[in-house]
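One structure is given below, encoded as structure tokens.
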Amino acid sequence: MEKSHRSSVHRVFGGGAVADVILWRKWTRSAAFLVVSTALWFLFERAGYNLLSFMSNVLLLLIVILFCWAKSASILNRPLPPLPSLEISEEASVKAADEMRVWVNYVLSIAHDIAIGGDRRVFFKVAALLWVISYIGSFFNFLTLIYICVLLSLTLPVLYGKYQNPIDDKISVAYNIARKQYEKIDSLVLQKIPFQSKKEKKTE
């Protein structure tokens, strides 16, 4: 049963290399990702290293190593550095553009429903989400927040895959309570707020 739970969680994350890293199926890659994330967070957040200086120094070191390697290889008749083809394929760029277009259209449709459609449910959901993000962001800076998200992405899915049934039960109970509270607020407050419907705006 536990194996089927882990498989379902693995499918939720796409079932590829990213899912393997998140669920620690390839623990060496997961550990490396965690160590690199922790090192970067320590460099930029605690050691006060500047991102632009760090990137410039890393690129400078990489260019110097490759240049010296190529020159020494030509002199000593050794093979050149094994660099892959440094280009983005048209297929990959088109796929990335399509994915971005879907997300942008989704965000624009939400903005349209709020600004034109007057959908109060969408409005209050988005407003509540933005307020929660703003409230959480007041405690951490952006880099620390990203690092916390990395830690959560490497721990919560594993715990959920291991304790899926009790977690689903608790989430179901919490969702029912939240839904009932929202229905009360909707009937007592939101329904009394005047919003123009789409049909009314079209007739105008």
Side-chain angles (χ1 to χ4, degrees), residues 1-55 58-59 62 84 88-89 91-111 122 124-179 182:
M1 191 70 178
E2 184 180 356
K3 186 176 180 181
S4 63
H5 286 168
R6 291 185 178 180
S7 298
S8 63
V9 176
H10 189 264
R11 287 195 298 269
V12 167
F13 288 100
V18 176
D20 292 337
V21 172
I22 292 177
L23 296 176
W24 291 80
R25 292 195 170 186
K26 296 182 178 179
W27 66 271
T28 53
R29 295 183 181 181
S30 302
F33 180 64
L34 178 61
V35 169
V36 170
S37 302
T38 304
L40 291 176
W41 175 80
F42 181 81
L43 282 175
F44 298 135
E45 184 64 21
R46 295 302 178 186
Y49 217 87
N50 185 271
L51 178 61
L52 182 60
S53 300
F54 176 78
M55 295 297 296
V58 169
L59 291 176
L62 181 61
I88 300 175
S89 64
E91 181 181 358
S93 60
V94 171
K95 186 176 180 181
D98 289 338
E99 291 290 336
M100 185 177 295
R101 179 179 58 84
V102 171
W103 282 102
V104 170
N105 287 336
Y106 177 70
V107 173
L108 291 177
S109 66
I110 294 177
V122 176
F124 284 104
K125 286 180 181 179
V126 173
L129 177 62
L130 293 176
W131 181 82
V132 170
I133 294 175
S134 176
Y135 182 76
I136 295 175
S138 63
F139 295 99
F140 313 100
N141 59 26
F142 185 66
L143 185 60
T144 302
L145 191 60
I146 291 178
Y147 179 64
I148 292 174
C149 291
V150 170
L151 294 180
L152 293 177
S153 67
L154 291 175
T155 54
L156 293 183
V158 178
L159 294 175
Y160 178 74
K162 189 175 182 180
Y163 305 103
Q164 187 170 6
N165 286 335
I167 291 176
D168 286 342
D169 294 338
K170 295 294 187 297
I171 291 177
S172 178
V173 173
Y175 173 77
N176 291 330
I177 295 174
R179 183 172 57 83
Y182 177 80

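For reference, positions follow the sequence shown, starting with 1. Since the structure is predicted, the reported quantities are computational estimates derived from the model, not experimental observations.
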As a quick check of understanding, evaluate side-chain contact (heavy atoms from CB on, under 4.5 Å) for Val107 and Trp103, giving each step before the final call. CA-CA 6 Å; Val107 173; Trp103 282 102; 5.6 Å; no
Start with the C-alpha distance between Ser30 and Leu34, add both sets of side-chain angles, then the distance that settles side-chain contact (heavy atoms from CB on, under 4.5 Å), and finish with yes or no. CA-CA 6 Å; Ser30 302; Leu34 178 61; over 6 Å; no
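Closest non-hydrogen pair, Leu151 versus Thr155, comes out as O-OG1, 2.8 Å. Between Trp41 and Leu143 the shortest heavy-atom distance is CD1-O, 4.1 Å. Nearest approach of Thr144 to Glu45, heavy atoms of both residues: OG1-CD, 3.5 Å.
Once rounded to the nearest 0.5 Å, the distance linking CZ of Phe44 with CD1 of Ile146 reads 11.0 Å. Summarising the geometry, atom OG belonging to Ser134 is positioned 8.5 Å from atom CH2 belonging to Trp131; distances are rounded to the nearest 0.5 Å.
Val150 pairs in a side-chain contact (heavy atoms from CB on, under 4.5 Å) with only one of the listed residues (Leu152, Leu154, Ile148), which is Leu154.
For Ser109, there are no side chain to side chain donor-acceptor pair (under 3.5 Å) partners at least two apart in sequence or on another chain. Under the rule for a side chain to side chain donor-acceptor pair (under 3.5 Å), the partners of Arg179 that lie at least two apart in sequence or sit in another chain are Glu183. With sequence neighbours excluded, no residue forms a side chain to side chain donor-acceptor pair (under 3.5 Å) with Trp24.
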